[in-house]
Amino acid sequence: MIPFILFETGFALNRVVMDACRRHGFEPRVVARTNQVDFIIEPAAAGMGAAFLTRIIAEQRTHRSLAWVPLHEADTDWQIARSGGAMLVCRPPRGLGWIW
């Protein structure tokens, strides 16, 4: 199972991510939590795990080691101000392309 890098527990996005995982019958293995966007992006870029950001934040950040993958999951597309839905931030496996 891919480890997850998440915001601190009080962030609304965490509830969305955790609820989606539970709907699919698993509890994610969380390897890091933070309240700083850069401390979510950099560990994901280093291959430590998958991270989740709101669409607006993901679209504002670029990193050559990351793939931005919109989630197409029920109840992950919600509105907080103008943030939009959730996006998965993953580092593509070395030598493999994405299959979605």
Side-chain angles (χ1 to χ4, degrees):
M1 178 183 312
I2 296 173
F4 283 19
I5 303 161
L6 299 176
F7 281 106
E8 294 290 345
T9 56
F11 283 72
L13 181 56
N14 280 352
R15 186 182 69 252
V16 172
V17 170
M18 297 301 286
D19 288 349
C21 292
R22 289 182 188 114
R23 281 194 302 276
H24 287 276
F26 75 97
E27 288 289 323
R29 182 169 61 96
V30 179
V31 295
R33 289 186 183 274
T34 183
N35 60 1
Q36 301 293 318
V37 173
D38 289 336
F39 293 138
I40 287 190
I41 292 173
E42 290 304 320
M48 288 180 58
F52 298 83
L53 299 172
T54 60
R55 180 180 311 274
I56 192 93
I57 293 171
E59 288 173 351
Q60 291 173 353
R61 306 290 177 121
T62 59
H63 199 292
R64 63 185 178 90
S65 298
L66 296 175
W68 306 112
V69 181
L71 292 179
H72 298 289
E73 168 68 30
D75 299 323
T76 60
D77 195 25
W78 87 109
Q79 299 294 320
I80 296 178
R82 296 181 331 163
S83 293
M87 293 190 73
L88 172 65
V89 179
C90 283
R91 182 174 186 215
R94 195 168 284 148
L96 298 176
W98 286 107
I99 300 173
W100 297 99

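Hydrogens, waters and symmetry mates are skipped; everything else that's a heavy atom, side chains included, is used.
In terms of heavy atoms, Ala44 sits closest to Ile5 at N-CD1, 3.5 Å. The shortest heavy-atom contact between Ser65 and Ala45 is CB-O, 3.9 Å. The two residues Val17 and Leu6 come nearest to each other via the heavy atoms CG1-CD2, 4.1 Å.
Residues passing the salt bridge (charged side-chain N to carboxylate O under 4.0 Å, His left out) test with Arg22, sequence neighbours excluded: Asp19, Glu27. Partners of Phe11 under the ring-ring contact (aromatic ring centres under 6.0 Å, His included) rule, at least two apart in sequence or in another chain, are Phe7. Gln36 is linked by a side chain to side chain contact (heavy atoms under 4.5 Å, CB included) to Thr34, Phe39, counting only residues two or more places apart in sequence or in another chain. The side-chain hydrogen bond (donor to acceptor under 3.5 Å, both in side chains) search around Arg33 returns none, not counting sequence neighbours. Listed by chain and number, the residues in a side chain to side chain contact (heavy atoms under 4.5 Å, CB included) with Arg29 are Pro3, Val31 (sequence neighbours excluded).
Summarising the geometry, atom CD1 belonging to Ile57 is positioned 8.5 Å from atom CG belonging to Leu13; distances are rounded to the nearest 0.5 Å.
Residues in residues 34-45 take part in these salt bridge (charged side-chain N to carboxylate O under 4.0 Å, His left out) pairs, two or more places apart or across chains: Asp38-Arg61.
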